[in-house]
**Q** 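What follows is a single structure, and I will ask about it in a moment.
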Protein chains: 2
Amino acid sequence: MSGEQEFLDSYDPGAFAPVAVTVDVVALTIRDGRLHVLLVERGGHPFAGWRALPGGFVQEETLDAAALRELAEETGLRPGQGVLDRVHLEQLRSYGDPGRDRRMRVVSVAYLAFAPSLPDPRAGGDASGAFWVPVDEVGELAFDHAVILADGLDRARAKLEYTPLATAFVGDEFTIAELRAVYAAVWGEELHAGNFHRKVLSVPGFVESTGETATRAGERGGPKPRLYRAGDARLLHPALLRPTREDGVR
Amino acid sequence: MSGEQEFLDSYDPGAFAPVAVTVDVVALTIRDGRLHVLLVERGGHPFAGWRALPGGFVQEETLDAAALRELAEETGLRPGQGVLDRVHLEQLRSYGDPGRDRRMRVVSVAYLAFAPSLPDPRAGGDASGAFWVPVDEVGELAFDHAVILADGLDRARAKLEYTPLATAFVGDEFTIAELRAVYAAVWGEELHAGNFHRKVLSVPGFVESTGETATRAGERGGPKPRLYRAGDARLLHPALLRPTREDGVR
DNA sequence: TTAATAGTGTCTTTCAGACAATATTAT
DNA sequence: ATAATATTGTCTGAAAGACACTATTAA
């Protein structure tokens, strides 16, 4: 047909070496107040035995679906209902330098996932070899995955500022202190409790009150905190800016 | 070799349909105070005769290089020196829905380019069929390029807020009024001249004075404005926020 | 009882935005 | 001369950050 003919004529045949497209997922969660990333241990070459981001080849599906599928496979969680549907998933960026995979030209579309504390992947059964690692204890990674992880962390830190994404790390109902712990874990610095509390409540649509109060206070005392759920805002106005980092990356 | 063997074993052969990887470029510039995007007219099927974003297949090169090459080819500009080196180019995101190209599975890595006013592509000689179109006069586009363009415009509008990217749209030396015209064109609304002026000068590293003054004032009178060049800041602190859009996308 | 936390109040500083004023230049 | 523009000044309100205070609860 003419469409195919045109297609065949429209590019330099010698330049069209076979290309593979994969997705890699930077899945982040918070455990014990620390930010963790989901890693797998590679079985085969290259980088056999190295840690890597979960990922795989794109099949007959959208890129988003491929990322969700890979995440489900590695965590052993079932899509359709349950925890996996509350995972926030967004495209990060693509990596396609020639030589980033020695086997062939591979363009990887990286995704960023934010999840509430998930069960340990080992418990999932067949999905072994995947585990949550504190982001500050991640050593070397296979391929260019260290770069992808760094980009993902940058994005995550930035998005906490101007989106309500921190709520993706906590349960349906949460306290302001839990939300503050998310910011502390992702940004790596403590936030002033009083100012944070007032700020969160003052941003329209960030959180809404459930009217309920937690049945139990913290382990070390204090009043029973009120419970909130995520609001309907998609952007935070005004934003919740990070404590002034060294002003302006120059 | 074993690496290849592992590779062949590591995926479902039936699922690995051939994939093509392309780059598409959303190239933006400002002409006559209006934001324009570079479009080409497609020669062959599908979408013959339709307008589309410039783009093409990735060759043996990085994705960034592919985007720059496509931009050079379509504008007729030479890389290596000159205007093309002052173009800001950044990856936008990737688009890979099955069926977005009826011929085969095509994953496109979209790029966003900001350029100072460039010569008309037609003048370039061999690179015909490319032209600058005001973004508010772009009709339907081939494939999913309308979505890509919309995403690119969103990104551009957002980046003006917290990066000094507006300087990529003007020459080496510019006046505050020229910079203000960039914001007005991209955001689609006028900004208060006095407040904008003070704001730009107050953000550290946004612009630096050349010490010079323009040789000529505006066409309708006024003092000769001072000249500035881009500063060394990569982020604007504090940011230059858009006039309050409808608060928070809910 | 002690220590820690939740939630609120207050004050200072910074900044955005409205508005005004003055000097300068093309027409 | 007129009108438009560049630049600076002033004022108000919003908001961030520092700090203090009270009430509440686990141990």
Side-chain angles (χ1 to χ4, degrees), chain A residues 33 160-162 170 173-184 187 189-228 233 235-245 247-248, chain B residues 33 160-162 170 173-181 183-184 187 189-204 206-207 209-228 235-245 247-248:
Chain A
L160 285 202
E161 290 195 325
Y162 58 94
V170 294
E173 301 196 341
F174 52 86
T175 67
I176 302 294
E178 287 174 326
L179 203 57
R180 179 160 49 85
V182 171
Y183 279 89
W187 285 349
E189 44 192 328
E190 294 305 317
L191 300 181
H192 186 284
N195 290 339
F196 181 85
H197 193 278
R198 185 191 9 239
K199 170 68 182 176
V200 167
L201 295 185
S202 75
V203 176
F206 191 0
V207 300
E208 60 183 33
S209 174
T210 65
E212 308 286 310
T213 295
T215 57
R216 175 97 166 68
E219 292 185 352
R220 286 173 293 237
K224 292 174 184 161
R226 299 173 195 161
L227 291 175
Y228 298 84
L235 292 174
L236 304 185
H237 281 295
L240 214 158
L241 297 179
R242 256 172 287 193
T244 34
R245 359 156 197 181
D247 229 36
Chain B
L160 284 202
E161 290 195 326
Y162 58 93
V170 294
E173 300 197 341
F174 51 87
T175 68
I176 303 295
E178 287 173 326
L179 204 58
R180 178 161 49 85
Y183 278 88
W187 284 350
E189 45 192 327
E190 293 304 316
L191 300 181
H192 186 284
N195 290 339
F196 180 86
H197 192 277
R198 178 159 11 99
K199 170 68 182 177
V200 167
L201 295 186
S202 75
V203 176
F206 191 0
V207 300
S209 174
T210 64
E212 308 286 309
T213 296
T215 56
R216 176 94 167 68
E219 292 185 353
R220 285 172 294 239
K224 291 172 184 163
R226 298 174 195 158
L227 291 175
Y228 298 85
L235 293 173
L236 302 184
H237 281 295
L240 214 158
L241 298 178
R242 258 172 287 192
T244 35
R245 357 153 201 189
D247 228 35

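Numbers restart at 1 for each chain; the letters A, B, ... are given by sequence-line order, proteins then strands.
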**Q** Send over the distance from A:K199 NZ to D:dA18 C1', rounded to a whole Å.
**A** 16 Å
**Q** Would you indicate, yes or no, if D:dT8 has its OP1 or OP2 atom less than 4.0 angstrom from a side-chain nitrogen or oxygen of B:R226?
**A** yes
**Q** Whole Å only: how far is the CG atom of A:L236 from the P atom of D:dA16?
**A** 11 Å
**Q** With side-chain contact (heavy atoms from CB on, under 4.5 Å) as the criterion, how do A:K199 and A:L240 come out once you've worked through the C-alpha distance, each side chain's angles and the decisive distance to 0.1 Å?
**A** CA-CA 8 Å; A:K199 170 68 182 176; A:L240 214 158; 3.9 Å; yes
**Q** Measure the angle between the two terminal helix axes of the helix from C:dT1-D:dA27 to C:dT27-D:dA1, five base pairs each, and quote it to 10°.
**A** 20°
**Q** Are any non-hydrogen side-chain atoms of A:V200 and A:L179 less than 4.5 angstrom apart?
**A** yes
**Q** So how far is it from A:E178 CD to A:T175 OG1, rounded to the nearest 0.5 Å?
**A** 3.5 Å
**Q** Looking at every strand, decide which applies to A:A239 at a 4.0 Å heavy-atom threshold: base, sugar-phosphate, or nothing.
**A** sugar-phosphate
**Q** Please classify the nucleic acid contact of A:A193 as base, sugar-phosphate, or nothing, using heavy-atom distances under 4.0 Å.
**A** nothing
**Q** Can you name the closest pair of heavy atoms from B:P223 and B:A217 and give their distance?
**A** O-CB, 3.6 Å
**Q** Taking atom C1' of D:dG17 as reference, at what distance in whole Å does atom NE2 of A:H197 sit?
**A** 17 Å
**Q** Please tell me which of the listed nucleotides, D:dT8, D:dT7, D:dG17, lies nearest to the side chain of B:I176?
**A** D:dT7
**Q** Report the distance from atom CZ of A:F196 to atom C1' of D:dA16, rounded to the nearest whole Å.
**A** 14 Å
**Q** Mind calculating the distance between CG (A:L201) and P (D:dA15) to the nearest angstrom?
**A** 14 Å
**Q** Do the charged groups of A:R242 and A:E161 touch, with an N to O distance under 4.0 Å?
**A** yes
**Q** Quick one, which residues of residues 215-225 of chain B touch DNA chain D with a heavy atom under 4.0 Å?
**A** B:R220, B:G221, B:G222, B:P223, B:P225
**Q** Taking heavy atoms of chain A and a 4.0 Å limit, find me the 5'-most and 3'-most nucleotide of DNA chain C within that range.
**A** C:dA4 to C:dT10
**Q** Quick one: list whatever passes side chain to side chain contact (heavy atoms under 4.5 Å, CB included) with B:E190, sequence neighbours left out.
**A** B:A184
**Q** Identify, with sequence neighbours excluded, every residue that meets side chain to side chain contact (heavy atoms under 4.5 Å, CB included) alongside B:S209.
**A** B:Y228
**Q** So A:F174 and A:V182, side-chain contact (heavy atoms from CB on, under 4.5 Å) or not? Walk me through it.
**A** CA-CA 11 Å; A:F174 52 86; A:V182 171; over 6 Å; no
**Q** Return the set of residues passing ring pair (Phe, Tyr, Trp, His ring centres under 6.0 Å) with A:F196 (not counting sequence neighbours), or none when no residue passes.
**A** A:Y183
**Q** Could you tell me the separation between the CG atom of B:N195 and the P atom of D:dA6, rounded to a whole number of Å?
**A** 14 Å
**Q** What residue pairs, at least two apart or across chains, pass salt bridge (charged side-chain N to carboxylate O under 4.0 Å, His left out) with a residue in residues 214-224 of chain B?
**A** none
**Q** Measuring only between side-chain heavy atoms, which start at C-beta, is A:P243 closer than 4.5 Å to A:H192?
**A** no
**Q** Quick one, A:F206 with A:L201, criterion side-chain contact (heavy atoms from CB on, under 4.5 Å). Give me CA distance, side-chain angles, the key distance, then yes/no.
**A** CA-CA 7 Å; A:F206 191 0; A:L201 295 185; over 6 Å; no
**Q** Report the residues that fulfil side chain to side chain contact (heavy atoms under 4.5 Å, CB included) with A:E173, sequence neighbours left out, ordered by chain and then residue number.
**A** A:T210, A:L227, A:R229
**Q** Atom CG of B:L241 to atom P of D:dA15: distance rounded to whole Å?
**A** 12 Å
**Q** Holding to side chain to side chain contact (heavy atoms under 4.5 Å, CB included), I want the full list of residues that pass it with B:A239, two or more places apart in sequence or in another chain.
**A** B:Y162, B:L241
**Q** Protein-nucleotides 11-14 of chain D N/O pairs closer than 3.5 Å?
**A**
none

